[in-house]
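Take a look at the structure set out below.
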Amino acid sequence: MEKLIITSAICGAEVTKEHNPAVPYTVDEIAKEAYSAYKAGASIIHLHVRNDDGSPTQSKDRYKACIDAILAKCPDVIIQPSTGGAVGMSNAERLQPLELRPEMATLDCGTCNFGGDDIFVNTENTIIEFGKKMIELGIKPELEVFDKGMIDMALRLYKKGHIKDPLHFNFVLGVNGGISAEPRDLIFMRESIPPGATFTVTGIGRAEFPMAVMGIIMGGHVRVGFEDNIYLEKGVLAASNGELVEKVVRLAGEFGRQIANPNEARKILRL
Ligand code: KMH
Ligand code: ZN
């Protein structure tokens with residue numbers, strides 16, 4: 001089996017220090033958390049950024065400051081900015097980090113409920129606009145799918161040329177409004193993508209590690225981090241993103257799956 005690529009989603013846009021005091025906001029905190037994940041075995045950092053007060057932002061300047069600080073500590077890591085940002089942001093706001101020409105970025109493939117009254121809006125035209133921009137700038141999209149219909153949308157737009165090979169999906173399971181996180185759900189998602197496409201598995205909340213194990217044994221890749229889950233185990237807050245990554249490394253070891261370093265990840269993903 002291919003080596004395992006671990007992505008760490010170190011802060012997201014929604015989780016706060018009230019949920020877990022280790023959630024990073026400042027540039028220094030973000031760089032420190034990225035380093036903890038990288039040192040533990042993450043080769044990709046899925047990056048959202050915050051203002052110092054913790055509010056989410058897609059500011060290009062703030063991304064630049066965070067990326068520079070991360071690269072100073074983790075020179076070869078793959079940085080994957082979010083183009084999802086936070087619920088309610090405009091497309092123009094969300095697209096800003098692409099101007100920095102990262103190697104990868106997320107491309108969210110559909111609209112869904114996002115808990116309470118929140119709706120995460122990604123219309124077909126939005127996905128086309130974001131996909132075209134990534135082709136134009138040579139940025140590999142990670143196709144974020146929160147439900148099976150989003151895979152169908154991605155494949156439709158791929159056929160029309162708005163998304164290019166090689167395809168890489170991130171199956172996000174357990175969002176309140178997306179597909180649930182049962183083993184059958186992940187198998188259904190996996191069977192719905194073309195042979196040859198790569199995939200990462202992200203389980204939300206308590207589904208993080210069960211889904212990680214499934215990703216490990218199914219030959220996929222794994223994402224963990226405070227964006228998705230703040231607990232190391234039931235009732236125990238993780239002290240860092242590194243602790244979450246270390247747990248994945250331990251689980252992968254139990255199943256004989258080796259961990260990819262960033263350059264190996266680049267080869268697997270054909271970056
Ligand atoms: N914060 C969520 C609304 C992404 O990074 O592309 C969207 C999100 C997806 O986190
Ligand atoms: Zn995200």
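Computed from a predicted structure; not experimentally measured. Counting starts at 1 for both ligands and their atoms, in listed order.
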Contact (N/O only, under 3.5 Å) between S82 and ligand 1: yes
Any donor-acceptor N or O pair under 3.5 Å, side chains D53, S55: yes
Any donor-acceptor N/O pair, R94 side chain to T83 backbone, under 3.5 Å: yes
Per atom 1 (N) of ligand 1, closest listed option by heavy atom (G84, G115, A13, G85): G85
Ring-face cation of K17 near Y25 (centre distance under 6.0 Å, axis angle within 45°): yes
Atom name of the N, O or S atom in E227 that lies nearest to the Zn ion (ligand 2): OE2
Shortest non-hydrogen contact from R50 toward P24: CG-O, 4.0 Å
Polar proximity ligand 1 side, T83 side, N/O cut 3.5 Å exclusive: no
Close-contact set for ligand 1 against T106 heavy atoms, below 4.0 Å: 4 (C), 5 (O), 6 (O)
Shared hydrophobic cluster, V222 / F209 (ILVMFWY, side-chain heavy atoms < 4.5 Å): yes
Per-atom contacts of ligand 1 with H46, taking only distances under 4.0 Å to non-hydrogen atoms: 5 (O)
F169 and F199 aromatic centres sub-6.0 Å: no
F146, F120, F130: member with heavy atom nearest to atom 7 (C) of ligand 1: F120
hydrophobic_cluster_shared for V15 and I45, side chain cutoff 4.5 Å: no
N/O/S from E144 sitting under 2.8 Å away from the Zn ion (ligand 2): no
Expected output: side-chain R190 to main-chain M218 donor-acceptor under 3.5 Å: yes
Taking atom 10 (O) of ligand 1 as the reference point, the nearest protein heavy atom with its distance: E227 OE2, 2.9 Å
Sub-4.0 Å heavy-atom approach of P56 to ligand 1: no
Those atoms of ligand 1 less than 4.0 Å from some heavy atom in D108: 4 (C), 6 (O), 9 (C)
Shortest non-hydrogen separation from A154 to L143 and the atoms involved: CB-CD1, 4.4 Å
E14: numbered ligand 1 atoms lying under 4.0 Å from its heavy atoms: 1 (N), 2 (C), 3 (C)
Distance filter under 4.0 Å to F114 heavy atoms, resulting ligand 1 atoms: 2 (C), 3 (C)
Where the Zn ion (ligand 2) is the vertex, angle from H48 NE2 to H46 NE2 to 10°: 100°
